[in-house]
Protein chains: 2
Amino acid sequence: MTDQPEAIPFEPTALLRAGNRSLSVMDQIRDAILDGSVSAGERINEVRISKTLAVSRTPVRAALQALAGEGLLDYAPNRGFTVREFPLDAIVDAYEIRASLEGVAARFAAERGLNAEERAIVEQSLIAGDRLLERGSFEPGDLIRYRRINGDFHDTLLSAARNRMLAEMIRICHHVPMSSSRNIVAFEHRDVRRRHDDHHRIYEAIMAREPWRAEILMREHVSGVKASLVKSLTERGEPIDMTDAAKTG
Amino acid sequence: MTDQPEAIPFEPTALLRAGNRSLSVMDQIRDAILDGSVSAGERINEVRISKTLAVSRTPVRAALQALAGEGLLDYAPNRGFTVREFPLDAIVDAYEIRASLEGVAARFAAERGLNAEERAIVEQSLIAGDRLLERGSFEPGDLIRYRRINGDFHDTLLSAARNRMLAEMIRICHHVPMSSSRNIVAFEHRDVRRRHDDHHRIYEAIMAREPWRAEILMREHVSGVKASLVKSLTERGEPIDMTDAAKTG
DNA sequence: ATCCAATAAAGTGAATACACTTAAGAAGGA
DNA sequence: TCCTTCTTAAGTGTATTCACTTTATTGGAT
């Protein structure tokens, strides 16, 4: 911050994440991968990236190491990093895995209970969803809005599970990059309605302190997303974006 | 390799893993963490390690980044890496998570089927286990031997699940460092017998192509290990080694 | 024209040097 | 004696440099 050697013309080194360049670089590379700027299987050139981001290779390498740890990159000695490929099978599997993990999270949440703040957020998400859905049809932007509501619900239950490893594994599932990055899977109003009802039931089970019921319901809930996804994949042609669909479960 | 500055006296830089020092360093640090040479919560000093292993800080940092990705270390900017702490709760939870994940793996294996080699290994593990157990009591070294048999069974089913993410997550569960590193949880012959019978049933379900039955059986199987563990924890005092117990499920 | 070998270019791996941040210790005041 | 502050040491973050490996290219031979 004090005396950056020179203001770089093209990429003004986006806002730095707290003190540390590696972390900032990491975020930028991750974004580039997730939004498809660099395609799967592609080999990553350290010097090119370091020039683009106007930093040395050191923080770039650090970021790449970390991203490999997150499972987004593969590493081969003396050959550097490549963007990991996710065949369609693996993407579908990821939903199953996430279903299983979020099921466990729901069970833990039911066993351990929610604190006041968490209850407030979840209940708010249920109410907001009800309001959004009561019209019977979507207006533009509603899906985006629902995605946030959905995220609040799942994130809060996850934090109520009080287990870091679980949270990290689920985060990894969310980071599975999706095939192509155009097209949004257009979910029907009825589908979203059904999933929101799932949320109600799951929360009931958790508040009733019924861990196993919570687990089964959550599992089925997430599996349902996979099902609609596979359905929309087989109905339409092939190239479908799942980047957003992933967050609409 | 050509002109190592000086042969270091104490730690002769163990055998290097394929071409790459970072990977070798990573293994050594990991081992040090898992066998308790460095204790939980402890802060890691890069220069000290680099001196001990007779390499520069660069490969050490690379290894630390990677280990943080594996979940063994925590990172804080400008403060470096610390050994992640695993409270007893988290360790017990890890068994639940692994149970869930291995359940999914068993389901996948049942859906996708085993190839000839995999069938051979699993069946061999079942036979070897039967032979080891038929005496009705253990001789010294039998537990170690059974641990290998057990590992073959689980590893092979996992590879039959044909999903890399799943395999990596389960590996992470196995890497949860256990509290102290003395004492072996002495499993009774009867317990091992019971678990080995589980193996038989799980394999039956998989060969019968009954995915959900395979999942439930596997899940219960792994959960059972957690149960015995908790039991032996509450019966005896506190300090118990779980390093080995972890591999005996 | 195709394949192989030698060579050059590009890229990664590791060491060193220096800048910056944090933690520790010493000195001074209340 | 205890707390505060300044100073200093220790430690992490980044850049730069060089060594080594891989890959691309060019020239020749079959």
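Just so we're on the same page: letters track the sequence lines, and every chain starts at 1. All heavy atoms count here, side chains included; hydrogens, waters and symmetry mates do not. Being a predicted model, the structure only gives us computed values, none of them experimental.
The shortest distance between the side-chain N/O atoms of B/S22 and the OP1/OP2 oxygens of C/dG13 is not below 4.0 Å. A sub-4.0 Å separation between OP1 or OP2 of C/dG11 and a side-chain N or O of A/R43 is absent. Under 4.0 angstrom from either OP1 or OP2 of D/dT12 there lies no side-chain N or O belonging to B/N78.
As a whole-Å value, the separation of A/Q65 CD from D/dG13 P is 14 Å. Between the C1' atom of C/dA15 and the CZ atom of B/R61 lies a distance of 14 Å, rounded to the nearest Å. Between A/R48 atom CZ and C/dA10 atom C1' there is a gap of 14 Å when expressed in whole angstrom units. Here the P atom of nucleotide D/dG13 and the CZ atom of B/R79 are 11 Å apart, to the nearest Å. Computed from coordinates, the B/L64 CG to D/dT12 P distance equals 9 Å when rounded to whole Å. In this structure, B/E46 atom CD and C/dA14 atom P are separated by 15 Å, rounded to whole Å. D/dT14 atom P lies 13 Å from atom CE of A/M26, rounded to whole Å. The separation between B/L73 atom CG and D/dT12 atom C1' is 15 Å, rounded to whole Å.
Of the possible donor and acceptor atoms, one in the side chain of A/R43 sits under 3.5 Å from a partner among the backbone N and O of A/R79.
At the heavy-atom level, A/R57 lies under 4.0 Å from base atoms of the strands shown. Within the 4.0 angstrom heavy-atom criterion, only backbone atoms of the sugar-phosphate kind lie near B/I44; the bases stay farther away. Within the 4.0 angstrom heavy-atom criterion, only backbone atoms of the sugar-phosphate kind lie near A/Y75; the bases stay farther away.
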Could you please spell out the steps behind the side-chain hydrogen bond (donor to acceptor under 3.5 Å, both in side chains) verdict for A/Q28 and A/S24? CA-CA 6 Å; A/Q28 297 183 60; A/S24 157; 3.2 Å; yes

Going through the distances and angles, do A/L101 and A/I97 end up as a side-chain contact (heavy atoms from CB on, under 4.5 Å)? CA-CA 6 Å; A/L101 291 172; A/I97 296 169; 3.9 Å; yes

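Side-chain atoms of A/M165 and B/V176, non-hydrogen and from C-beta on, do get closer than 4.5 Å to each other. Considering only heavy atoms from C-beta on, B/Q65 comes within 4.5 Å of B/F81 through its side chain.
The side chain of B/S56 lies closest to C/dA15 when the candidates are D/dG11, C/dA15, D/dA15. Among D/dT12, C/dA14, D/dT14, the nucleotide with an atom closest to any side-chain atom of A/N20 is D/dT14.
Map A/V47 and B/T58 each onto its nearest nucleotide of DNA chain C; the residue landing nearer the 5' end is A/V47.
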